[in-house]
Structures are given as C-alpha cells and as structure tokens.
Amino acid sequence: MTDERPWVLHVDLDQFIAAVEILRRPELAGLPVVVGGRGDPTERAVVSTASYEAREFGIRSGMPLKTAVRKCPDAVFLPVDAPAYEEASAAVMGVLRGMPGAVVEVLGWDEAFVGVTTEDPVAYANSIRTAVFEATSLHCSVGVGDTKVRAKIATDFGKPQGVYRLTRDNWFEVMGARPTTALWGVGTRIAARLASHGYRTVEDLADADEAVLVAEFGPTMGPHYGRLGRGVSSATVDDTPWVARAHGRETTYQTNLTEPQEISAALRELAGQVVEDIRAEQRPCIRVFLKVRFAPFFTVNRGRKLAEPTYDPDVIAATAVALFTALEDERPVRLLGVRAEMVPPEGGYDSPRSTGRGGPSAQRSGTAGATDDVAPKP
DNA sequence: TCTGGGGTCCTAGGACCC
DNA sequence: TCTGGGGTCCTAGGACCC
C-alpha cells in the first residue's frame with residue numbers, strides 16, 4: 001500500500017551565473033563576485049548575478065554596476081559569458097532528464113519544473129540536489145508543490161541548498177499575510193491596481209470578489225489573479241520543446257545618440273544581427289518591432305507587419321527606421337532594439353508556452369490539479 | 001543610484017467584411 | 001431612418017519574468 005501522487009518540483013540553481021564563474025576560477029570562492037555587462041563597473045550596465053558574499057553588501061540583480069561598485073569597491077567584476085552558462089545549463093537539464101520518472105520543463109538557464117509521481121517528493125527533491133551537484137558541482141534548491149505556482153514560490157523558501165514544500169495544506173499559513181507581489185506574476189503595477197480595491201495580501205486576493213477582478217483586469221486575467229491568490233494553477237509539467245516566437249537585439253549606448261544618421265546606422269547594425277538569429281531558425285520575419293529608450297528614461301515599442309516574409313536586413317532596418325521616424329521624437333536615444341517576429345512553424349506552435357513567465361496560458365495549458373480546492377484558512 | 005538584454009502574453013479599440 | 005452583431009486582422013500599449 002503506497003501513497004504515490006503526482007508532484008511538481010521546481011529546481012533552481014543557486015547564484016547560477018556567479019557559481020559557474022567561480023567553478024572555473026576557484027580562487028574567487030568566498031569573494032564578493034558580481035557578473036554583469038562587460039565587467040566594467042564604470043559602464044552603463046546592470047548586475048546579472050551577485051555571489052552570496054556580494055549580496056551581503058546589498059548588491060542585487062538588476063542593480064546598476066555603478067551602484068554595485070559603490071556598495072563594494074573590492075568586489076570582483078566579471079563580464080557576462082552566455083555560452084559558458086548555456087553549456088552549464090545544458091548539463092544540469094541533462095541530469096534532470098536522467099532522473100527516474102522525471103518530466104522536465106525548462107524555464108530558463110537556471111530553472112526547470114520537474115514532474116514526477118512519487119510517495120516521497122522531498123526525498124526525490126534531495127536526490128535531485130545530490131545528482132546535480134555530483135555531475136556539475138553546482139548547488140540548487142528545490143520547491144515541492146501540488147501546483148506549479150506553489151512549487152515555484154516554494155523554491156525561494158528553500159534557498160540556498162534546501163528543499164521546501166508548499167501545498168494546499170500550508171499555503172495560507174505561509175503566504176496568506178504576504179503582499180501580493182510575493183506571487184509569481186504579480187509585479188508592482190498589478191499590486192497597486194489590486195491595492196486600489198483593498199486587496200493587499202495574498203489572502204485578500206484569494207477572497208477577492210471575482211466580479212471586481214474581471215472589471216479591473218478582464219475576463220482572462222481577472223480570474224487568473226484570483227486563482228494565484230489561492231496558489232491554484234496547472235500541475236501539468238510539459239516537456240514539449242520551446243520554440244521561439246521572435247528574436248531581438250538591443251543595445252544601450254554608453255553615450256546617447258542624437259544624430260538621425262547614427263540612429264539609422266545603429267538600427268541597421270541591430271537588424272543585421274537579428275537576421276543571423278532568424279536565419280538560424282529558418283523562419284523569416286513577418287513583423288518588425290522597434291524599441292527605443294529615450295534619455296533620461298522613457299521607453300516606447302512600435303511594431304509593423306511586413307507585406308511578405310523576409311530575411312532581408314535592409315527591409316527590416318528600413319522598417320525600423322520608418323517606425324522611428326513616425327515617433328517624431330527629438331529626444332536623445334540611450335537604447336535601441338530591433339525584434340523580428342518569425343513565421344510560425346509548420347502546424348503552428350505546439351502548445352502556447354511561455355518562458356520566464358507564469359502567465360494564464362501556462363496555467364491553462366493543463367487543468368490536472370487546477371482545482372479550486374484549498375485548505376481552510378487558519 | 002539610475003536603471004541590460006533576452007523573451008512572452010494580454011487588453012482595447014479601430015478597420016473591414018459579411 | 002436608423003442601426004444589427006459576429007469575426008478577423010492590425011496597431012498601440014501595458015505588464016511580467018529570468
């Protein structure tokens with residue numbers, strides 16, 4: 001007589017980027033290490049990952065390197081080396097796929113959902129941590145949940161090098177009093193709109209009037225936020241390989257651009273890089289998006305559908321320039337980006353998949369376990 | 001303090017067709 | 001004279017995540 005049930009595990013590598021750098025430069029172990037941009041803290045760039053030692057100085061992901069160096073002048077600053085992280089990531093994902101009975105859904109370089117049926121999910125989570133460390137020398141934390149949202153959030157409580165279990169039984173006990181921003185998919189903007197209706201905590205949101213949520217956020221997002229408050233989401237881990245919808249390139253300029261000529265030259269450069277990426281996918285561009293960040297800090301996005309699919313960088317660049325011109329904005333430019341939406345693959349996209357995002361389509365993509373059953377609140 | 005670079009998805013509203 | 005709905009395509013804009 002066993003009690004085998006399906007579980008969602010969320011595996012997240014600890015200080016992944018910094019850890020990969022320290023592995024190949026062991027003399028950095030124990031030092032404050034900051035990885036970001038080109039590794040020059042005098043440039044316009046932000047922190048990708050700070051080691052735990054650097055975090056003790058208050059350095060966080062997303063913080064400008066200039067701020068980080070002020071907080072810890074003695075920190076070691078390293079450039080981002082994407083190929084190295086991709087290689088380490090592939091090794092980790094390979095270990096996960098080799099776990100008995102595991103279904104693996106990759107979310108990013110350093111995280112994945114693992115679906116497994118077991119009677120002891122915490123023991124299974126620990127066996128993942130051991131296997132990953134033995135194969136790669138990288139530490140990870142694992143969240144154990146009965147839904148994806150609960151597993152994802154649980155991981156934070158397990159960090160570093162730990163396992164944490166979050167289910168319908170302890171959801172409100174652990175999460176109920178926390179602000180709505182503690183939820184995966186609720187940022188400061190949504191939290192402010194929720195607060196305008198008096199919904200400030202996870203428990204407030206769980207008990208929210210659905211009609212109010214629908215009026216505020218629409219028929220899809222409104223109920224989605226309500227479910228999020230209860231920790232309810234899909235529990236189906238889907239290993240269908242992710243297929244990109246688009247590829248883009250963007251650059252922040254160390255000095256702002258002002259001349260139309262240098263702006264079109266920059267857009268041409270970005271268009272050329274984008275074409276390399278979409279050629280590799282063998283799917284031509286059907287829509288061009290332009291992203292502009294004007295100084296001091298104001299961002300706009302504009303898109304335009306093309307008359308026909310193309311790989312021609314001149315067409316893409318010309319479209320981007322036309323979108324820029326249509327803005328009729330004379331302010332200096334600090335960032336430009338060009339993004340190419342590609343023709344969908346034969347037969348369309350397999351299942352609407354999202355990376356780096358716990359949106360409602362990720363929730364909808366499976367209903368197993370997506371019931372509204374939650375334990376009574378304490 | 002001064003805010004990267006890579007993505008995805010949702011909503012609203014206008015245009016157009018039947 | 002006044003005025004349908006439903007569907008699709010497109011653009012603008014907003015939000016979130018790693």
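In what follows, chains are A, B, ... by sequence order, proteins preceding strands, each numbered from 1.
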CA sep, side-chain torsions, deciding dist, call: A:Ser89, A:Asp110, side chain to side chain donor-acceptor pair (under 3.5 Å): CA-CA 6 Å; A:Ser89 174; A:Asp110 66 341; over 6 Å; no
[X] side chain near [N] phosphate (N/O to OP1/OP2, under 4.0 Å):
{"X": "A:Arg287", "N": "C:dT11", "answer": "yes"}
{"X": "A:Arg189", "N": "C:dC16", "answer": "no"}
{"X": "A:Lys152", "N": "C:dC18", "answer": "yes"}
{"X": "A:Thr252", "N": "B:dG5", "answer": "yes"}
{"X": "A:Arg245", "N": "B:dC9", "answer": "yes"}
{"X": "A:Arg334", "N": "B:dG4", "answer": "yes"}
{"X": "A:His247", "N": "B:dG7", "answer": "yes"}
{"X": "A:Arg193", "N": "C:dG14", "answer": "no"}
{"X": "A:Thr220", "N": "B:dT11", "answer": "yes"}

Starting from [atom2] on [N], measure out to [atom1] on [X] and report it in whole angstrom.
{"X": "A:Asn301", "N": "B:dT11", "atom1": "CG", "atom2": "C1'", "result": "16 Å"}
{"X": "A:Trp109", "N": "B:dG4", "atom1": "CH2", "atom2": "C1'", "result": "12 Å"}
{"X": "A:Phe297", "N": "B:dG5", "atom1": "CZ", "atom2": "P", "result": "11 Å"}
{"X": "A:Glu43", "N": "B:dG5", "atom1": "CD", "atom2": "P", "result": "10 Å"}
{"X": "A:Leu335", "N": "B:dG6", "atom1": "CG", "atom2": "C1'", "result": "12 Å"}
{"X": "A:Glu216", "N": "C:dA15", "atom1": "CD", "atom2": "C1'", "result": "13 Å"}
{"X": "A:Ile286", "N": "C:dC9", "atom1": "CD1", "atom2": "P", "result": "12 Å"}

Any base atoms under 4.0 Å from [X], or only sugar-phosphate, or nothing? Heavy atoms, all strands.
{"X": "A:Arg339", "answer": "base"}
{"X": "A:Lys291", "answer": "nothing"}
{"X": "A:Asp110", "answer": "sugar-phosphate"}
{"X": "A:Arg60", "answer": "nothing"}
{"X": "A:Gly248", "answer": "sugar-phosphate"}
{"X": "A:Ala244", "answer": "sugar-phosphate"}
{"X": "A:Val186", "answer": "sugar-phosphate"}
{"X": "A:Leu183", "answer": "sugar-phosphate"}
{"X": "A:Thr251", "answer": "sugar-phosphate"}

Closest heavy-atom contact between A:Cys140 and A:Val11? SG-CG1, 3.9 Å
Nearest-Å distance once atom C1' is located in both B:dG4 and C:dC16: 16 Å
With both distances under 3.5 Å as the test, what is the Watson-Crick or G-U wobble partner of B:dC18? C:dG5
Might you work through the side chain to side chain donor-acceptor pair (under 3.5 Å) test for A:Arg293 and A:Thr299, ending with a clear yes or no? CA-CA 4 Å; A:Arg293 181 164 296 155; A:Thr299 309; 2.8 Å; yes
The side chain of [X] is closest to which nucleotide in this list: [options]?
{"X": "A:Trp242", "options": "B:dG7, B:dT11, B:dG6", "answer": "B:dG7"}
{"X": "A:Ser48", "options": "B:dG4, B:dC2, B:dG7", "answer": "B:dG4"}
{"X": "A:Val46", "options": "B:dG4, B:dT11, C:dT11", "answer": "B:dG4"}
{"X": "A:Glu250", "options": "B:dC2, B:dG5, C:dA15", "answer": "B:dG5"}

Could you say whether the aromatic ring of A:Trp184 and the base of C:dC17 stack, counting only centre distances under 5.5 Å and plane angles under 30°? no
Side chains of A:Asp40 and A:Thr42 only: does a donor on one sit below 3.5 Å from an acceptor on the other? yes
Near A:Glu308 CD, under 6.0 Å, is it more than 12 heavy atoms from other residues, nucleotides or ligands? no
Angle between ring planes, A:Phe16 versus A:Trp109, binned at 30° and 60°: parallel, tilted or perpendicular? tilted
In terms of ring plane angle, is the pair A:Phe133 and A:His139 parallel, tilted or perpendicular, where the classes change at 30° and 60°? parallel
Would you mind telling me which residue lines up with the more 5' stretch of DNA chain B, A:Lys66 or A:Gly218, judged by nearest nucleotide? A:Lys66
